[in-house]
Amino acid sequence: MPNRAKPETMPADEGRAAATPPAPADPSTPGRAPAGSAPAANAPAGADPAAGDVSRQGATTAPDPVRRAGAAGAAPIRRGNTLLRHLLIAVGLGVVVVIATYQIEPFRNYQLATIGVYLCVLPGLILLTGFNGQISLGHGALMAAGAYPVALTQNALGGDAQWHLLVSVLAGVVTATVLGAVVGVAAARLHGPYLAGATLAVAASVPAVTTTFDGVFGGDAGLSFALAPAPSSLGVYFPFERWQAWLALLGAAITMLLLANLVRSRFGRTLRAVRDDEVAAALAGIHVGRVRVLAFVVSAAGAGLGGALFAVLAQSVSPGAYGLTLSLNLMLAIVLGGLGGLRGALWGAIALVALQPLADWATRSFEFSADVQQRLEGTLPLAVFGVALIVVMTTAPGGVDGLVARATRRLRRSR
Amino acid sequence: MFRFARRGVAVAAALALAASVAACSEDSPSGNGASVPGVTDTTILVGTHQPLTGRAAAGYSKISAATKAYFEYVNANGGVHGRKIEYKIVDDAYNPAKTQEVVRQLVLQDKVFAVLNGLGTPTHGGVLDFLKTNKVPDLFVSSGSALFNQPTKYPNTFGFNVDYVTESKVLANYVKKTFPGKKVCFFGQNDDFGDDALKGVETVLGSVAAKQNYVPTNTNVAPQVGALKAAGCQVNVLATITPFTALTLGTAAKLGYRAQWVGSSVGGDFVGLSALLGKAAPLLLEGYVTSGYLPSPLDEANPWTKLFKDVNAEYNGNTTFEVNTMFGMAVGYTFVQALQAAGKDLTRESLMAAIEKGGFEGPSLVPMRYSKDDHSGFSGTQISVIKGGKQALVDTPYVTDTGSGPVEPYTEGAATPPAKGIPSD
Amino acid sequence: MDRFVFLTLDGLSKGAVYAAFALALVLIWRGTRVVNFAQGAMSVATVYVAYSVSDATGSYWLGFAAALVSAALLGAVIELVVARRVHDAPPLNAIVVAIGLVLLLQAVLGMIYTNEYLAFPAPFSETALTAGGLTLLSPYDLFVFAVVAGLLVLLTLLFTRTPVGLRMRASAFAPEVSRLLGVDVALMRTLGWVLAAMVGSLAGLLVIPTELGLHPTAMDDIFVAAFTAAVVGGLDSPAGAVVGGLVVGVLLSYVGGYVRSDATPLAVLALLVVVLLVRPGGLFAVPQARRV
């Protein structure tokens, strides 16, 4: 199958595309025996009419029974140009958000900026895990690979001009992408817990790299760097937190735009094909290893951008901020948000920023004696957080996105 | 397609209108300049970030509770210039990313007057720029790193702990006097704590015979201790945190390696070490040399110990009174001193000016260095030795600088606590 | 040469503990196809039980027994209340639940015992024996080896020679068919968790005396090393777990001793990459399918 370049700039051809995914079973055609159990004689006759049936029924995609709960499914078919539609949504949302940043106070702007940072990383991670079925517990390391070049470049260039920041962020994205390619190639043949273990080891290596090469990376204490303040054309009293929010949300918008287009393109479909059945995908001519590596590379680019912006928010980098805790938090976020689609990234990002303060606030309202208070300080919010995770996972396995999908389905059915 | 375009144009028009409305709202300077954040006529709000959970919480989680207890004591006696001190303690689990969040929360949302006793070099180091930009007094950082003594770069940040170079110079000086001619080696943490301590040791003693390091994430120190044993080291200077001090002593015993151990006060917590070493503690700790710049929590005769123990009993739930409790109370005492000196007309500038004037006399055994050009805390320390299961201070306190200046005895004696243990105007 | 022998023996003794922990992970994997990220926290909780009981009674072995009993209980409770509900969900959900469990356990332990490091003693002397000037293993190290070897033998016998073991393996690999053949799959799963929890508790009891002390987060770093060991050996193979543990232990010792102590995570990563590039299912992996 010829490789098409730049799938995200192609107009969506979902009208024709419904026939391409090599779904092992096709229950949309009633009366047809499931492909897996069909005796050999029926199979050749079954293949062609199935494709024909689907296109006759008009571009409705069959739900894939092999697909496990929570995995991202085929996108609903929409008419019109995907890119234009997404651009308009992005611009519209962008304007709304910019207005919002004028209304809220600096701390909320900082929280919004943090959500923006996570919105750079999480969609890529959902693409990797939800759409392509690869578990990664090492994206904190990819964020670090995006963050440290920012610090190094800003320090090298001086950091007082706005364009320095652009160069630094680009350096971060490129570095993370390269590292993602390396990890992706090494992990291409791994599945399930073996992949999880390998990426976990990558995540655990970040502090080791920074202390082994502490001349460059500053060891445990990390590096700090200068940042140009918000441009004076925006106003002398323009809060720095609002500028940070704009930067982070710009990065998030670009990421979401690119990835939303990507998942609706042919590449998105090959991702899902590889996730659902590697052997079938290989038989259909998809180069499985290349697709898996590409998925890693795309998610690494997002993580690099997120990491670079994370460094901009903190104006410093240190290994403690990009350790195992971050990697596990990212994974928590996409599962809590829901792996069904890129929308889960939004819920996950909000969860990462809001859950800990919520747990803190919930526990602060209780009064205890000084002795008990000392024991509960810090530990009680953690216990609440842990219980919340367990409860949410056991009652809503599809994450928030799954809950929302169930709710909207019920609403639609009840009409 | 046309339907969509029509909708799109309508949406775009509405948003453009809204955008123009938003652009009209201009920013004004924050606050009206007349009110000081975190200060009212009756209260002062200060905040801190501490590792209350996680592997770094051992020991350190007691500090902020002790400081808070001292503030409650002062509040119960009328406060400072009629204002009561509220102390908001937030957990950052020693994760620099979390520190960024919670410090912004304290400054931007809770609008604290000052940040007090932020703990940790990597954690606090990351918020220095933010605190400087927002002109928040960043007082008495709980770390001995030189990072927090940069008056030109960070004029609002003040250290507290004796810095690692100064302390190790005093330790090395003791080794020079007490163990002349012995082979001296070094074992430290692989970060600026270990690097600064080594620098101090080598300034006084010259190059050490062997040096090894460790990282807190790798709890197998047998290779390093084995190397020290193989090199024939007779005196080992340690720059280790308490759990690793215990681990090192224990590992040496397991390898049948006897030596003289001299360690930083960072890892010299006698009560903590005894608890960690269990039944072997009296044997392994015999002769252990460390230092301290505050009175010993076990020294009942010292008036400061008695004062703080009473406060601890009444306002801190009578928890175990040990080195970290003493430290927390000393922090609280020093802060109250600074508030008193800043005067009734309390502003951030008046507070920092008051600290830079210096001259505070408190529970410490050595003077503090605060001045316009020096934002570091304690200027020296005193040696303590564990003998017969008891830890006791020996000799006099010594003071020195972070360069190649001499290590000199400080013979002026400690101050006595004021009436009721609350600093007066 | 001295140093080499010293580092090798030191590495083997640490590796034996990783092996024990990896065995627990392999057990749960074979029984339920889930990697139990909460294994470390569960082990630590049972060691705290041992600590309290030993403290109260003055006997190490009573505490030891109490730990194993509490581990069995903890494993059963977690399986019945939590693991069962996420069994049919995507594997990531189980990991998230496990992380929630870790947070909860560590927080509760911090509340009860505070966040200080507590001393947990070893039942035998930890002073190394010497022979001809060479530092060898200590009696405690020999105890650890004996326990791990015994565990390996027992578990292999259990899974290959006993009816219960066979049922447990069947329930994991083919639950539908096993149910049809009269195996109580749910009970087997619970048994798997109970067994794994007890093995994990044993690993904790063995390793804590050599660590900084008893602390809610004491097993976190060991989890990473043990998970690596299990992956290197192959998650389906108990022998692989033991070999993997010893290899990881020795490697960390050499790197820490000859190179630098902070480079050990990089060595672990390199080991993983090398092994998994050659055999993506681990050293002792059984090939699942053949590419044609």
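Labels below follow one simple rule: chain letters A, B, ... track the order of the sequence lines, proteins then strands, and each chain is numbered from 1. Remember, it's a predicted structure, so these values are computed and weren't measured experimentally.
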**Q.** C:Gly282 to C:Leu276 - nearest heavy-atom pair and separation
**A.**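 For C:Gly282 and C:Leu276, the tightest heavy-atom pair comes out as N-CD2, 4.1 Å.
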
Q | Nearest non-hydrogen partners of A:Asn132 and A:Ala295, listed with the distance | A |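 Looking at all heavy atoms of both residues, the shortest contact is OD1-CB, 3.5 Å.
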
Q.
Under a 4.5 Å cutoff for heavy-atom pairs, which residue among A:Val387, A:Thr212, A:Val335 has the most contacts with chain C?
A.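 The residue among A:Val387, A:Thr212, A:Val335 with the greatest pair count is A:Thr212.
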
Q. If you tally heavy-atom pairs under 4.5 Å against chain C, which of A:Val206, A:Ile334, A:Leu190, A:Val384 wins?
A.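 Sorted descending by pairs with chain C, the first entry is A:Leu190.
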
Could you tell me which portion of [X] (side chain, backbone, both or neither) has an atom closer than 4.5 angstrom to a non-hydrogen atom of chain A?
X	result
C:Val86	side chain
C:Asn115	side chain
C:Leu109	neither

Q: Look at the rings of C:Phe37 and C:Phe223 and say which category their plane angle falls in: under 30° parallel, 30 to 60° tilted, over 60° perpendicular.
A: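 It falls in the tilted class, 30° to 60°.
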
Find the one option among [options] whose heavy-atom pairs under 4.5 Å with chain A are most numerous.
options	result
C:Thr114, C:Ile99, C:Val82	C:Ile99
C:Leu105, C:Leu271, C:Leu235	C:Leu235
C:Thr228, C:Val35, C:Leu266, C:Asp262	C:Asp262
C:Val97, C:Leu269, C:Val231, C:Leu272	C:Leu269

**Q.** Contact class of A:Leu380 relative to chain C, heavy atoms under 4.5 angstrom
**A.**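 Both parts, backbone and side chain.
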
**Q.** Side chain, backbone, both or neither of A:Thr395 within contact of chain C (heavy atoms, under 4.5 Å)
**A.**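 It is neither, since no heavy atom gets under 4.5 Å.
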
(Q) Taking CZ in C:Arg84 as the centre, count heavy atoms belonging to other residues, nucleotides or ligands within less than 6.0 Å. Is the count above 12? (A)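 Yes - once you tally the heavy atoms of other residues, nucleotides and ligands closer than 6.0 Å, there are more than 12.
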
Q | A:Trp347 atom CH2, over 12 foreign heavy atoms within 6.0 Å | A |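 It does not: A:Trp347 CH2 has 12 such atoms or fewer within range.
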
**Q.** side-chain contact (heavy atoms from CB on, under 4.5 Å) between A:Met393 and A:Leu389, intermediate numbers included
**A.** CA-CA 6 Å; A:Met393 274 298 106; A:Leu389 281 179; 5.7 Å; no

(Q) Measuring from atom CG of A:Leu342 to atom CG of A:Leu125, what distance do you get when rounded to the nearest 0.5 angstrom? (A)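 So the gap between those two atoms works out to 11.0 Å.
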
Q) Between C:Thr32 and C:His87, do the side chains contain an N or O donor and an N or O acceptor separated by less than 3.5 Å? A)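 No, because no side-chain N or O of C:Thr32 sits under 3.5 Å from a partner of the opposite role on C:His87.
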
